Amino acid sequence: MALACSNEIDQAPVAEVHPPSMPADATMPPPTADASLAGAWPLDPGTSSIGFVAAKLSKTHQGSFKGFAGRADVQEGTLVSVEVEVDLGSVETDSTKLTDHLRGEDFFDVAQHKKATFKSTSVEAGAEGYSLTGVLDLHGVQNEITVPAQVSVGEQAVTLKSDFSIDRQLWGVSYPGKPDDLIQDEVKISLDLSFPKGS
């Protein structure tokens, strides 16, 4: 039986997932201080968004996180690394009941896992855009993922956009849903991030 309205998730590029090649708490390399377009550029939550789409048999739900921070490191006008920290308790969805459920033990378990983090291990430019690889630490589980991204480095800001899907089971988020209304394992993640130039 097909999941209702799940095409948006199914059509998103699937993140490549593999064991982390570096620990998520590793420090990123320091920026080059003498380059005109260099330094740590802070993530601006006011002009950024982190959203997701999840589906069960009966319905598709839209959600987002309102609390997050991060930085982009730029060297000689090139993006070299990105890190983002998300407050899982800031999740909001199109259903108050679902929002409360996501914060509980069946899903994010924010009492035990308050934050999710992503720290890049490589940012590579290609003919059709960028490939962003890094460690996603979610629900106490670390996996390295590789996803497509569109990146722009301007004089005043770095922007990064990416749409991809992940299998929540790989991060131990395994609540199946009701027997007659099962939840799809794949979740679409949508990033639209802006990093104004640091002072």
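Fair warning: this is a prediction, and the values are worked out from it, not measured in the lab. What's counted below: heavy atoms across the whole structure, side chains too, no hydrogens, waters or symmetry copies.
- With rounding to the nearest 0.5 Å, the separation of CG in Leu88 from CG in Leu102 is 10.0 Å.
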Going through the distances and angles, do Ile145 and Phe164 end up as a side chain to side chain contact (heavy atoms under 4.5 Å, CB included)?
CA-CA 10 Å; Ile145 64 173; Phe164 57 92; 4.2 Å; yes

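- Residue Ser95 comes nearest to His61 through the heavy atom pair CB-CE1, 4.2 Å, listed as atom of the first residue, atom of the second, then distance.
- Checked by atom type, the side-chain pair Glu8/Thr60 shows no donor-acceptor distance below 3.5 Å.
- Looking only at atom types and distance, the side chain of Thr93 has a donor-acceptor partner in the side chain of Thr99 under 3.5 Å away.
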From CA spacing to verdict: side chain to side chain contact (heavy atoms under 4.5 Å, CB included), Gln150, Leu160
CA-CA 6 Å; Gln150 297 297 319; Leu160 186 154; over 6 Å; no

How far apart are the C-alpha atoms of Val84 and Leu191, what are their side-chain angles, what is the distance that settles it, and do they pass the side chain to side chain contact (heavy atoms under 4.5 Å, CB included) test?
CA-CA 11 Å; Val84 178; Leu191 306 178; over 6 Å; no

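- Val14 and Phe118 fall into different hydrophobic clusters, where Ile, Leu, Val, Met, Phe, Trp and Tyr are joined by side-chain heavy atoms under 4.5 Å apart, directly or via other members.
- Residues Val141 and Gly172 come closest through the heavy atom pair CG2-N, 4.5 Å.
- Under the 4.5 Å side-chain criterion, counting only non-hydrogen atoms from C-beta, Thr146 is in contact with Ser131.
- Under the rule for a side chain to side chain contact (heavy atoms under 4.5 Å, CB included), the partners of Ser174 that lie at least two apart in sequence or sit in another chain are Gln169.
- With respect to Phe108, the ring-ring contact (aromatic ring centres under 6.0 Å, His included) criterion is satisfied by exactly one of Tyr175, Phe65, Trp171: Phe65.
- When the shell of 6.0 Å around NZ of Lys161 is examined, it contains 12 or fewer heavy atoms from other residues, nucleotides or ligands.
- The list of salt bridge (Lys or Arg N to Asp or Glu O under 4.0 Å) pairs with a residue in residues 162-183, not counting sequence neighbours, reads Lys56-Asp181, Arg168-Asp185.
- Residues passing the side chain to side chain contact (heavy atoms under 4.5 Å, CB included) test with Val123, sequence neighbours excluded: Leu79, Ser120, Tyr130, Leu132.
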Residue pair Gln184, Asp10: steps toward the side chain to side chain contact (heavy atoms under 4.5 Å, CB included) verdict
CA-CA 10 Å; Gln184 185 172 354; Asp10 296 337; 2.9 Å; yes

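- No option in Ile166, Asn143, Thr117, Ile189 other than Ile166 meets the side-chain contact (heavy atoms from CB on, under 4.5 Å) test with Leu136.
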